[in-house]
Amino acid sequence: MNGERILQEREIRHIRERLAAFYEANRRDLPWRAEADPWATLVSEVMSQQTRIETVIPYYRAWMERFPTPAALAAASEEEVLALWKGLGYYSRARRLHQTARELVTHHGGRVPRDPEALRALPGIGAYTAGAVASIAHGVPVPAVDGNVRRVLARLLDLPAPSPALLAREAGALVDPADPGRFNQALMELGSLVCTPRSPACTRCPIAAPCRARAEGTQEARPRPIRRAPVPVREEGVAVLLHLPPDDPPRLLLRRRPDEGLLARMWEFPGEPCGEGESPAAAAHRALAGALRASGATLIEPASPRALPGVDHLFSHLRIEYRPHLWQVEPGGERAGSRWRWVGLEALELLPLPVAQQRIANHLEAALPECNLEAQSGFSSGARRGSPSAPDP
DNA sequence: GACGCGTGGTG
DNA sequence: TCACCAAGCGT
C-alpha cells in the first residue's frame with residue numbers, strides 16, 4: 001500500500017499548528033538547544049540514542065568542552081574517547097562517532113553534511129539520527145522517527161505494530177516544512193511529556209482531537225508491547241592482582257577486552273566465566289594463572305586469596321555475577337604487551353573502565369588498609385573471611 | 001528480522 | 001523487587 005494517507009490535509013495543518021504552539025510553551029532548555037552548531041546537534045543526538053536526556057547532559061558538556069569540533073575529536077586517541085564516554089553505555093557509539101569525526105575531516109571539509117543520505121552513510125548514524133540532524137541543524141524537511149514518535153504516531157493512527165517504512169512515510173507527510181526541526185522535536189517532546197508509554201495524559205494533549213486511538217480508547221495498547229526473552233545469567237571468577245610498592249601508590253593489573261563484542265576494547269580485571277559446576281574461586285584461579293603468564297608477575301605467597309564483595313551487573317542482554325578474588329603479586333620482567341597494563345589505583349578514572357569493573361575497584365579500595373597490614377605480617381595468613389562468593393550486601 | 005549492544009530511572 | 005524501557009545502529 002502506498003500513497004494512501006490516513007490523515008486529511010485539514011488535520012495535518014491542525015497538528016502542525018498545535019505542535020508548534022506546544023513546543024514553544026513546553027520545550028526544555030537543553031544545552032545543545034542553546035547552540036546553532038550542527039556538530040553540537042550531531043553529538044547530542046548520538047549520545048541520546050537509547051539514553052535518557054538527564055543522563056546525557058553532563059556527558060555532553062564535558063564532550064563539547066574537550067571536542068568542540070569534528071577535527072578535535074578526529075585528532076584524539078580512542079582510549080581518551082572511550083574514557084570520556086565511560087558510564088554512558090553502548091560504547092560502540094563512541095567509537096563510531098570517533099570514526100565519523102575522521103570522515104567529516106577527510107571527506108566533508110570538517111563540517112557536518114546537510115544531505116540526509118550523506119549523514120546516513122556515516123558510521124553510527126542511522127535513519128533517525130540522519131533525519132534529526134538534517135532537520136534540526138539544517139532545516140531540511142525530513143522525518144525523524146524515534147521511540148517517542150513511533151508511539152505518538154501509532155496512537156494518532158491507531159496502529160498496533162506500524163512498520164518503520166509506514167512510520168517514515170506518515171511522518172514525512174506530516175513534517176512541517178515551515179520549521180522541520182521544531183516539528184520533529186515537538187513530536188518527541190510530546191511523546192516524552194504527554195503521550196507517555198503508560199498512562200498517557202490525553203486530556204493535556206494538543207492533538208487529541210485528530211487522535212484515532214483516543215477516539216477508540218485504545219491508546220494504552222498502542223503500539224503493542226514487545227516481549228523480551230529472559231536474560232541469561234553468567235557467573236565469573238575475577239582475579240585482582242595487587243602490587244604494593246614500598247613507597248608508591250598501589251598498582252593493579254588490567255586487561256583490555258577484545259576488539260569486538262561486549263564492552264569492546266574497554267579495560268577490566270582479568271576474569272573467567274565459571275564452567276559447568278565450577279566454583280567462582282576456581283574460575284578466578286584460572287584467570288590468575290592467565291594473568292601471571294601474560295604479565296610475568298609472580299605471587300608473593302601461593303596461598304588462598306582474599307574474597308572481595310561480589311558485583312552483580314545487568315547488561316542489556318546478559319547478567320554477569322562477578323566474584324573478585326584478591327592476590328598480592330610482584331610484577332615480572334619486561335613482559336607487558338598492549339593488552340595488559342599495570343595501573344595505579346588513582347589513575348583508574350583516566351581509563352575506559354566499565355561500571356561493573358569500577359565497582360570492583362571501589363570494593364578493593366575499601367579493603368586496602370587491611371591488606372597493607374597483612375602484607376607486613378605475611379599476606380597469606382587466613383585472610384579469608386565470609387563466603388568467597390558473597391554478593392554485594 | 002532478530003539479535004547484540006550499557007546503564008540508570010521508574011512504577 | 002524487577003520488568004520495562006529510554007532522542008537506535010549494525011549485522
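Chain identifiers are assigned alphabetically (A, B, ...) following the order of the sequence lines, protein sequences preceding nucleic acid strands; residue numbering begins at 1 within each chain.
Of the P atoms belonging to C:dC2 and B:dC5, the separation is 24 Å, rounded to the nearest Å. Nucleotides C:dA7 and B:dG4 are separated by 24 Å at their P atoms, to the nearest Å. Comparing the same atom, C1', in B:dG8 and in C:dT1 gives a spacing of 16 Å after rounding to whole Å. Here, C:dA6 and B:dG1 have their C1' atoms 22 Å apart, quoted to the whole Å.
Map A:Gly124 and A:Trp32 each onto its nearest nucleotide of DNA chain C; the residue landing nearer the 5' end is A:Trp32. Residue order along DNA chain C, read from the 5' end via each residue's closest nucleotide, puts A:Pro197 first among A:Pro197 and A:Ile125.
Per the geometry, CG belonging to A:Leu30 stands 10 Å off C1' belonging to C:dA7, to the nearest Å. As a whole-Å value, the separation of A:Tyr128 OH from C:dA6 P is 13 Å. As a whole-Å value, the separation of A:Ile226 CD1 from B:dG1 C1' is 12 Å. Here C:dC9 presents its C1' atom at 14 Å from CD of A:Glu45, a figure rounded to the nearest Å. A straight line from CE of A:Met188 to P of C:dA6 spans 14 Å, rounded to a whole angstrom. A:Leu119 places its CG atom 15 Å from the C1' atom of C:dG8, with the value rounded to the nearest Å.
A:Arg27 comes within 4.0 angstrom of no nucleic acid atom, judged by non-hydrogen atoms across all strands. When heavy atoms are screened at a 4.0 angstrom cut-off, A:Arg28 is found touching base atoms of the nucleic acid. Within 4.0 Å of A:Ala229, counting heavy atoms only, lies no atom of the nucleic acid at all.
Contact between A:Ala291 and A:Leu241 at its shortest, heavy atoms only, is CB-CD2, 3.8 Å. Annotation for A:Gly237 and A:Ala287: closest pair O-CB, 4.2 Å, computed over non-hydrogen atoms.
Remark: A:Glu349 does not engage A:Lys86 in a salt bridge, criterion side-chain N to carboxylate O under 4.0 Å. Between A:Arg33 and A:Glu189 there is a salt bridge, since a side-chain N of the basic residue sits under 4.0 Å from a carboxylate O of the acidic one. The pair A:Arg323-A:Asp312 meets the salt-bridge criterion, since a charged nitrogen lies less than 4.0 angstrom from a carboxylate oxygen.
Screening A:Trp39, A:Tyr59, A:Tyr60 for a ring pair (Phe, Tyr, Trp, His ring centres under 6.0 Å) with A:Trp32, the sole residue that qualifies is A:Tyr60.
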Open item on the list: At under 4.0 Å between heavy atoms, how does the protein contact nucleotides 3-11 of chain B? Give one character per nucleotide, 5' to 3', with B, S or -.
Closed with: -SBBBSS--
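Taking side-chain N and O atoms only, A:Arg120 has a distance below 4.0 Å to OP1 or OP2 of C:dG10. Residue A:Thr129 places at least one side-chain N or O closer than 4.0 Å to OP1 or OP2 of C:dC9.
Not a single salt bridge (charged side-chain N to carboxylate O under 4.0 Å, His left out) links A:Arg251 to another residue, sequence neighbours left out.
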